[in-house]
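Notes for the one structure printed next.
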Protein chains: 2
Amino acid sequence: MNIGDVAKQAGLPAKTIRYYEDIGLIKPLRDTNGYRAFRPSDVHKLVFLARSRALGFTIEDCRALLALWEDQDRASADVRAIAKEHLSQIETKIADLESMRSTLSDLVRDCAGDSRPDCPILQKLENFPAGQTQ
Amino acid sequence: MNIGDVAKQAGLPAKTIRYYEDIGLIKPLRDTNGYRAFRPSDVHKLVFLARSRALGFTIEDCRALLALWEDQDRASADVRAIAKEHLSQIETKIADLESMRSTLSDLVRDCAGDSRPDCPILQKLENFPAGQTQ
DNA sequence: CTTGACCCTCCAGTGACTAGAACCCCCATA
DNA sequence: TATGGGGGTTCTAGTCACTGGAGGGTCAAG
């Protein structure tokens, strides 16, 4: 199977698939003309990768998950540990973003948004306490 | 004022401040020894930048906000537009992360986390519909 | 005079791609 | 047979917002 078809099946851009080969996540064979020749197992892995990435796992998480996925003797707990760690990172991010949202929506609410030069948003950006997350 | 003191005042690493100079956000003077010499207005700008960045504005947003901040004749509406756009991006991100969280926490909940090799997380990563945000 | 804290520049790396250039390969049509 | 289009290939460099490190200069105190 060529890269274009695989890209459709996995829902990933061809560029991304080449990149995944570069960094060693997949190792497709090659045809005599140099084209990548994807086996069903490669496609399967790419689908797995697409889904894991969509859930926000990092590439290194994905690498670990793939290794566990391929290991018949892995412990369920190993996978769970990765997922739990990731989940807690997601929860931290959500909390950060919610605090940003609340500050920002206060600012926007207080701003008349007219043509006068005095803007409460800029005033608050000068004055509210800094040092939040990113 | 030297960069170390400014860093403390603004709550930014010195490296970041140098970077902000590199990309033209600030233009501190120089002492004869080559050290950056920050005026109060530079410090003020850096505080503003730290706060805007803490609220998740991109550097380019910050550049625009700084320009408006310095422009006596700006319209309040311009600032509000940037803030509103940013707010809606934050809200999209939160929604994305919440959908990740709900899927992931389902997965984690269903996983015994023991030493058996069958793991529902990996099974679901093979099977649930892909194509979410990132 | 030395030590240690501070400052400087420049280069490279991060994560996860993405854009683009310059090229090769294959098939169908005129 | 040319040619056009749609694949494929490699390579380099760019993205964003820093961050780390090497290798050095400056300054104040002891």
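By convention in this document, chain letters (A, B, ...) are assigned in the order of the sequence lines, proteins followed by strands, and residues within each chain are numbered from 1. What's counted below: heavy atoms across the whole structure, side chains too, no hydrogens, waters or symmetry copies.
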Any A/Asn33 side-chain nitrogen or oxygen under 4.0 Å from OP1 or OP2 of C/dC26: yes
Whole-Å distance separating the CG atom of B/Leu49 from the P atom of D/dA17: 12 Å
Phosphate OP1/OP2 of C/dC17: any A/Arg53 side-chain N/O under 4.0 Å: yes
Interatomic distance, B/Lys15 NZ vs C/dC6 P [rounded to whole Å]: 16 Å
Sugar-phosphate, base or nothing in reach of A/Phe57, heavy atoms under 4.0 Å: nothing
Side-chain heavy-atom pair B/Leu65, B/Phe48 within 4.5 angstrom cut-off: yes
Of B/Glu21 and B/Lys8, the one whose closest DNA chain C nucleotide lies more 5': B/Lys8
Side chain of B/Thr16 - closest among C/dT9, C/dA16, D/dC18: D/dC18
side-chain N/O B/Tyr20 vs D/dC18 OP1/OP2, d < 4.0 Å: yes
Rounded distance in Å - CG (B/Asp22) to C1' (D/dC16): 14 Å
Given C/dT9, D/dT10, D/dT19, the nucleotide with the shortest approach to the side chain of A/Arg30: D/dT10
Atom pair distance, as rounded to whole Å: CD in A/Glu60 and P in C/dG15: 7 Å
Spacing of B/Leu29 atom CG relative to C/dC8 atom P, expressed in whole Å: 13 Å
Candidate nucleotides D/dT9, C/dC7, C/dA16, ranked by approach to the side chain of B/Asn2 - the nearest: C/dC7
Rounded interatomic separation in angstrom, taking CG from A/Asp31 and P from D/dG7: 17 Å
B/Ser105 (side chain) donor-acceptor with B/Arg101 (main chain) under 3.5 angstrom: yes
Integer-rounded Å distance: D/dC16 P and B/Lys93 NZ: 13 Å
Short side-chain N/O contact to C/dA19 OP1/OP2 from A/Arg18, under 4.0 Å: no
Donor-acceptor contact below 3.5 Å, side chain A/Arg63 vs main chain A/Ile23: yes
Under 3.5 Å donor-acceptor pair, A/Tyr19 side-chain atoms to C/dG15 base atoms: no
Separation of C/dT9 P from B/Ile3 CD1 (nearest whole Å): 9 Å
Under-4.0 Å side-chain N/O to phosphate OP1/OP2 contact, A/Arg36 with D/dG8: no
Exam field: side chain B/Asp110 to backbone B/Leu107, donor-acceptor pair closer than 3.5 Å: no
Whether A/His86 side chain and B/Leu104 backbone form a donor-acceptor pair below 3.5 Å: no
Contact under 4.0 Å: B/Arg63 side-chain N or O vs D/dC16 OP1/OP2: no
